[in-house]
Amino acid sequence: MGPTGCGKSGLALGLAQDFPASGGRPVCVINADSRQVYRDFPLITAQPDASEQNVCPHHLYGFLPSESKMSAGNYAVMAAEVIARSHAQGFLPILVGGTGLYIKSLLEGIAPIPPVEAAISRRWQERADAEGAPALHRLLSEHDPLYAAKIHPNDRQRVTRALEVLEGTGKAFSWWHAQTAGSCPYDVLKIGVGLPLEELTPLLGARIDKMLARGALEEASVARELCGDAKAPGWSGIGCAELYQYLAGEISLDECRELWLNHTRAYAKRQLTWFKGQETLEWVRPDAGPLVKLVPGLEKYLVN
RNA sequence: GGUGGGGUUCCCGAGUGGCCAAAGGGAACAGACUGUAAAUCUGUCGUCUGACGACUUCGGUGGUUCAAAUCCACCCCCCACCA
């Protein structure tokens with residue numbers, strides 16, 4: 001795991017290539033990125049391309065249409081299934097991605113909250129539109145003071161989520177949180193791949209230019225024909241959203257590129273903050289050499 | 001050369017006598033994070049100070065005023081149009 005664009009996939013691929021060849025355990029790659037699941041944006045979300053995916057089995061990439069929603073809970077279930085299957089087939093699964101919450105849900109569990117009826121969610125969204133998040137936060141304080149105290153009144157997304165869960169399940173969000181399993185069922189080695197932001201930023205810019213050169217615009221306009229709703233889940237990815245604005249004639253290509261880079265950088269920073277707060281990761285630089293050499297304890301997973 | 005518009009804090013940009021260290025946005029920095037997470041949200045953001053507060057800013061210089069980013073004069077730059 002690590003911030004976007006720092007070379008996680010490449011390192012994983014390196015493992016997949018080198019080890020089985022020298023008689024080690026076969027390796028497979030499992031996506032842990034909330035955007036790379038989307039079918040319509042393989043390039044813009046930097047999914048491994050066909051030749052890369054040929055190196056070893058890849059799972060959970062590019063299977064979801066733009067209008068479909070993904071979620072941490074969903075992901076945890078799907079990834080757990082893939083891991084079980086991979087183990088059964090003798091593969092060593094390598095999780096690659098930068099979506100901290102997804103990885104956390106998979107490894108540490110997530111509250112077993114049943115799905116909430118769409119109509120209920122919609123109603124809270126409408127109330128948030130009409131009354132504003134702080135008003136709903138006050139309401140939440142009356143029913144779930146514990147959780148309300150943890151979030152900011154302006155945090156509409158969390159306020160409405162807590163309220164819809166409360167209404168949909170009859171239990172407070174904080175009660176559900178207490179039901180989280182919490183222990184990790186896997187023997188995991190966590191590797192953080194990263195660079196300081198100052199070093200990462202120019203790489204992110206270069207990566208955007210490369211995406212544009214390889215047809216990001218075409219990808220976005222095809223995606224727009226398949227799903228023209230800018231609010232659809234698939235369109236919320238960085239790059240996707242900005243290209244949509246460009247295609248809609250709202251901004252110039254230069255502005256698009258600039259926004260795209262700014263947003264990507266800000267995102268990388270958020271990821272860094274998240275991973276900083278997580279328990280110990282083995283941090284490596286992507287350019288420091290093959291992973292096995294850098295991470296003590298990795299080798300034992302790779303041999304048979 | 002003439003006419004009109006303009007020069008504001010890192011950037012964009014509001015502000016036309018006191019309530020202005022100066023709205024708002026962006027960037028930056030720090031942070032939060034349990035089914036939207038490439039999302040959502042928070043704090044800081046002229047200098048010094050732990051804080052009260054003090055000090056220096058709105059192209060330049062000089063003036064008017066108890067008080068100027070805001071008014072006046074001259075000057076310097078930019079843009080548009082006319083020549």
Side-chain angles (χ1 to χ4, degrees), chain A residues 1-5 31-38 41 44-47 64 66-79 97-118 120-122 124-125 128 133-134 137 144 146-147 149-162 164-165 168-169 172-182 196-198 201 204 207-208 211 231-244 255 258-278:
Chain A
M1 49 190 100
T4 189
N31 173 229
D33 184 296
S34 73
R35 295 297 114 188
Q36 294 185 348
V37 300
Y38 284 104
F41 302 101
I44 301 169
T45 64
Q47 296 170 32
L64 202 64
S66 295
E67 54 274 8
S68 300
K69 215 161 144 182
M70 190 63 184
S71 79
N74 240 211
Y75 172 80
V77 170
M78 285 163 75
T99 304
L101 179 64
Y102 281 19
I103 297 170
K104 189 181 176 202
S105 315
L106 170 66
L107 298 181
E108 293 166 36
I110 185 164
I113 303 173
V116 173
E117 267 176 65
I120 294 180
S121 314
R122 204 176 325 113
W124 286 111
Q125 291 310 323
H137 183 264
D144 188 356
L146 219 59
Y147 187 65
K150 284 174 67 176
I151 60 175
H152 190 96
N154 288 347
D155 197 340
R156 173 193 164 123
Q157 202 171 100
R158 293 194 171 83
V159 171
T160 53
R161 168 69 182 154
E164 69 176 34
V165 167
T169 69
F173 205 39
S174 54
W175 180 88
W176 281 110
H177 288 182
Q179 314 305 308
T180 308
L197 261 187
E198 314 79 71
T201 306
L204 296 175
R207 187 225 222 170
I208 288 171
M211 286 176 180
K231 294 232 163 65
W235 278 107
S236 70
I238 295 168
C240 308
E242 293 77 7
L243 285 168
Y244 190 102
E255 287 170 320
E258 195 186 332
L259 284 173
W260 186 352
L261 177 57
N262 280 163
H263 294 163
T264 308
R265 201 199 110 103
Y267 168 53
K269 189 168 157 61
R270 260 178 281 139
Q271 287 176 299
L272 253 12
T273 302
W274 172 283
F275 290 123
K276 234 189 280 175
Q278 297 307 110

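Hydrogens, waters and symmetry mates are skipped; everything else that's a heavy atom, side chains included, is used. Quick caveat, the model's predicted, so the values are computed rather than measured. Letters A, B, ... mirror the listed sequences (proteins, then strands); counts begin at 1.
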Out of [options], which nucleotide sits closest to the side chain of [X]?
X	options	result
A:Arg158	B:A38, B:U34, B:C29	B:U34
A:Thr273	B:G31, B:U40, B:U42	B:G31
A:Arg270	B:A38, B:U36, B:C33	B:A38

Would you classify [X] as touching base, sugar-phosphate or nothing, given that sugar-phosphate means primed atoms plus P, OP1 and OP2, and contacts are heavy atoms under 4.0 Å?
X	answer
A:Thr99	sugar-phosphate
A:Gln278	nothing
A:Thr45	base
A:Ala111	base
A:Asn262	sugar-phosphate
A:Tyr38	nothing
A:Ser236	sugar-phosphate
A:Glu164	nothing
A:Phe173	sugar-phosphate
A:Trp176	nothing

Please state how far atom [atom1] in [X] lies from atom [atom2] in [N], giving the value in whole angstrom units.
X	N	atom1	atom2	answer
A:Leu259	B:G25	CG	P	16 Å
A:Glu255	B:G26	CD	C1'	13 Å
A:Asn154	B:A32	CG	P	18 Å
A:Phe275	B:A37	CZ	P	14 Å
A:Ile238	B:A39	CD1	C1'	9 Å
A:Lys150	B:U34	NZ	C1'	8 Å
A:Asp155	B:A37	CG	P	14 Å
A:Ile151	B:C41	CD1	P	12 Å

Task: A:Thr4 and A:Arg207: side chain donor to acceptor below 3.5 Å - done: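 Checked: A:Thr4/A:Arg207 side chains pair up, N/O donor to acceptor below 3.5 Å.
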- [ ] Using distance alone, with no hydrogens and no angle criterion, decide if A:Arg35 and A:Ser236 have a side-chain donor and acceptor under 3.5 Å apart.
- [x]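 Yes, a side-chain donor-acceptor pair sits under 3.5 Å.
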[N] pairs with which nucleotide, Watson-Crick or G-U wobble, both distances below 3.5 Å?
N	result
B:G4	B:C79
B:A32	B:U40
B:C10	B:G26
B:G62	B:C72

Hey, does the side chain of [X] come within less than 4.0 Å of [N]'s phosphate (OP1/OP2), counting only N and O?
X	N	answer
A:Arg161	B:U34	no
A:Arg207	B:A38	no
A:Tyr102	B:A37	yes
A:Lys276	B:G31	yes
A:Arg156	B:A39	no

TODO: Quickly, which of A:Arg270, A:His263, A:Gln271 forms a side chain to side chain donor-acceptor pair (under 3.5 Å) with A:Tyr267? Name it, please.
DONE: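 Testing each of A:Arg270, A:His263, A:Gln271 against A:Tyr267, the sole residue satisfying side chain to side chain donor-acceptor pair (under 3.5 Å) is A:Gln271.
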Open item on the list: Should the side chain of A:Ser71 and the base of B:U36 be counted as holding a donor-acceptor pair, with the cut-off at 3.5 Å?
Closed with: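 Absent.
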Open item on the list: Just confirming the chi classification of B:G35, syn or anti, using 90° around 0 as the syn window.
Closed with: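 B:G35: syn glycosidic orientation.
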TODO: For residues A:Thr180 and A:Ala111, report the shortest heavy-atom separation together with the two atoms involved.
DONE: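 That would be OG1-N, 3.5 Å.
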- [ ] Write down the atom of A:Leu64, the atom of A:Met70, and the distance for their closest heavy-atom approach.
- [x]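 Scanning both residues, the minimum pair turns out to be CD2-CB, 4.0 Å.
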Task: Of A:Leu197 and A:Val165, the one whose closest RNA chain B nucleotide lies more 5' - done: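 Checking each residue's closest nucleotide, the 5'-ward one belongs to A:Leu197.
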Task: Upstream residue (5' side of RNA chain B) when A:His263 and A:His152 are each assigned their closest nucleotide - done: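 Nearest nucleotide further toward 5': that of A:His263.
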